[in-house]
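Note sheet for the following structure.
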Amino acid sequence: MSWMESIKFALSSILAHKLRSALTMLGIIIGVGSIVTIVAIGQGGEAALKSQFAASGNNTIEINFIPDSDDPFAMITDELPVFTEDNIFQLRKIPEVKHVITTNSSMEMLMVNEQSISTQVLGVTDEFFAVNSIEMKRGRKLNEADFSQSNNVIMINDGAAQELFKDSKVIGQILEIKGQPFEVIGVYKSAGGLFGLSTPEIIMPLTLWPVLYGTDDIQSVTLQVKDISQLELAGTKAAKMLNDAKSPELEGKYEVLNLEELQKSMAGITKIMTMIIGGIASISLLVGGVGVMNIMLVSVTERTREIGIRKALGATRGNILLQFLIESMMLTLFGGTIGITFGAAGAYFVSFIAKWPPLVSIEVIIGAILFSIILGIIFGIMPANKAAKMEPIDALRYE
Amino acid sequence: MISLKNIFKSYIQGDLDVPVLHDINIEINRGEFVSIMGPSGSGKSTLMNIIGCIDRPTSGEYVLNGFNILESNEKKLSMIRNQFIGFVFQHFHLLPRLNALENVELPLIYGGISKKERRKRAQEVLAKVGLADRMDHLPNQLSGGQKQRVAIARAIATNPSFILADEPTGALDSKSGEQIMNIFTQLNKEGTTIIMVTHEEEVAAYTPRCILLRDGRITSDMKRVFT
Ligand SMILES: Nc1ncnc2c1ncn2[C@@H]1O[C@H](COP(=O)(O)OP(=O)(O)OP(=O)(O)O)[C@@H](O)[C@H]1O
Ligand SMILES: [Mg+2]
């Protein structure tokens, strides 16, 4: 006898008692639903953690210097620790690191038409463009030659174009920054300029920074790794390297976004939730499983005559066992599938409140389906075996 | 084909060992049409169940188509029931959720016949018992006589060595009973072996051989020649 036949028989018997079947599934629905919710919440939390860690989502991580908190004067801006050329050189040697993006920034008051306008000036290297996608509105980006030859050229954002030049012809204009003349070669779209225009911003080759500011130290370093999974490793390596190289009088340490702490607080929340929901899940699975077993035993007794007829017609013990086992498996599978739906809804709800990305992965769904089927086998094997072992004559005589 | 030797059967009830069949010796050959008669409680059904391999005698020897039944395991008995025996019960014993066609297909499913083949076969035998127009009816949409005809179709679907019918007309009015007997007679003419239990003389009159049971013993085993 084929599986198809067994499934057909099982389905017809489940559908013959719709209400009873539905009530039997309830425990399985709640149990499987709860498990799906827990796992999805856990995975969502982890993903939230990862996405915070990999802030912009393009596999980058910023390295910060955290001054010792008991030294309130460590933050004096002039003394802000910086990255030396040698630091950067060493960072590039970390195998997981793809790009080291070094940037400096400064707020400048630019005089245009007798008006002073505060503008953010960024000095970047060509690697900046490898990591940040910048959309040009007019003109061109800084190119290889601009960087290598330290050309006095700048790109400005649309905010700066508006503020500094009142949107008249911009390309080719000359702008004076700290006494140096710069030619505007392009206008780019501001990243977060949703509400009107963003603050004016200027991007120039970092190679010009020493000319303007008299130092070749780097203020900000961002690492880009080849694969997101290497982010943590690369970050840890970089921090260790910088801390080893730092001069002892520098009070504080280099750090990447503190992963451990974040993980701990996240784990704290999920642990309590996992315990509560896990408790509900295991109780309802046990109750649900016993319910399935009970209903299957009732079903076997009710259908004693049917079992006798089937045996008289040539059904083997295996045929009968399989028929009832498939029936209980289908009960738990239906229950499990409904549970997965509710569980996914629950996970979306929780992640909506916790502002985590909802995560009901295909692995969770497949796992839950397999788990439901296994429940059906565990709680169905005893009734199915009872049916299979019936003597045909006793089964036929059953009143 | 069927050889029963010194069959003894008793039921244990409490401390008592209640004998039901004593020293039964029967030979039935291919193509026979046999009726078994006897008073109520004489052991007819018990004997039928033993012949049908759904019950075991306490002692004795039973050889069916060369198989030693009492030494066969459960799996082999399933095969024997499926391939060699067609059951017709007094109360039809159709599965209520399956329609006539599906009921007839059931033994073919357990026989491992392909879907296409068994559908064709089931339709053929249903047509043979005159139910070509009732194939998709559920048992509760059929009359008693029709149900018994579906049961006969189910019994002959696998082309068994013989049909075992325990009071096949017992739950039917005389007209339907007659119809069933006509079908049996026709099947027997075509070569089907039939063994049947009945209470009614008129029904037994259809059969060339009649075995009488009384208190679990064979008191007569007559063959008559129809003229
Ligand atoms: N499972 C059982 N346990 C104990 N005694 C039984 C059992 N089955 C049958 N008997 C006894 O065996 C005897 C024969 O029963 P059986 O059913 O074979 O009679 P029968 O000839 O078919 O009668 P009827 O014509 O009424 O159908 C009866 O006395 C009955 O009480
Ligand atoms: Mg009887």
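Sequence lines set the chain letters: A, B, ... in the order given, protein chains first and strands last, and positions in each chain run from 1. Values in this document were obtained by computation on a predicted structure and should not be read as measured data.
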Compile the donor-acceptor pairs under 3.5 Å between side chains in residues 361-370 of chain A and protein atoms, sequence neighbours left out, one pair per line.
residue: A:S361; atom: OG; partner: A:Q43; partner atom: OE1; Å: 3.2
residue: A:S361; atom: OG; partner: A:V364; partner atom: N; Å: 3.3

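For residues 91-108 of chain B, the pairs satisfying salt bridge (Lys or Arg N to Asp or Glu O under 4.0 Å) are B:E105-B:R118, B:E105-B:R119, with sequence neighbours left out. Sorted pairs that involve residues 366-388 of chain A and meet salt bridge (Lys or Arg N to Asp or Glu O under 4.0 Å), not counting sequence neighbours, are lacking altogether.
Looking only at side-chain heavy atoms (C-beta outward), A:I309 and B:F92 stay at 4.5 Å or farther from each other. Considering only heavy atoms from C-beta on, A:L396 stays 4.5 Å or farther from B:F87 through its side chain. Residues B:K75 and A:R317 fail the side-chain proximity criterion, which asks for heavy atoms closer than 4.5 Å. Side-chain contact between B:L95 and A:R310 is present, with heavy atoms from C-beta onward closer than 4.5 Å. Looking at B:H91 and A:R305, their side chains never come closer than 4.5 Å, going by heavy atoms from C-beta outward.
Neither the backbone nor the side chain of A:K389 comes within contact range of chain B; no heavy atom of the residue lies under 4.5 Å from a heavy atom of that chain. B:R56 does not touch chain A: none of its heavy atoms, backbone or side chain, sits under 4.5 Å away. Looking at B:L98, only its side chain comes within 4.5 Å of chain A, counting heavy atoms on both sides.
Residues of residues 40-54 of chain B lying under 4.5 angstrom from chain A, judged on non-hydrogen atoms, are B:N49, B:I54 by number.
Heavy-atom contacts from other residues, nucleotides or ligands closer than 6.0 Å to CD of B:E71 number 12 or fewer. Summarising the local packing, CZ of A:F342 is surrounded by 12 or fewer heavy atoms from other residues, nucleotides or ligands at distances under 6.0 Å.
Among A:A312, A:G318, A:P392, the residue with the largest count of heavy-atom pairs under 4.5 Å with chain B is A:A312. Per-residue heavy-atom pair counts under 4.5 Å with chain A were compared for B:E74, B:H93, B:Q83, and the maximum is reached by B:H93.
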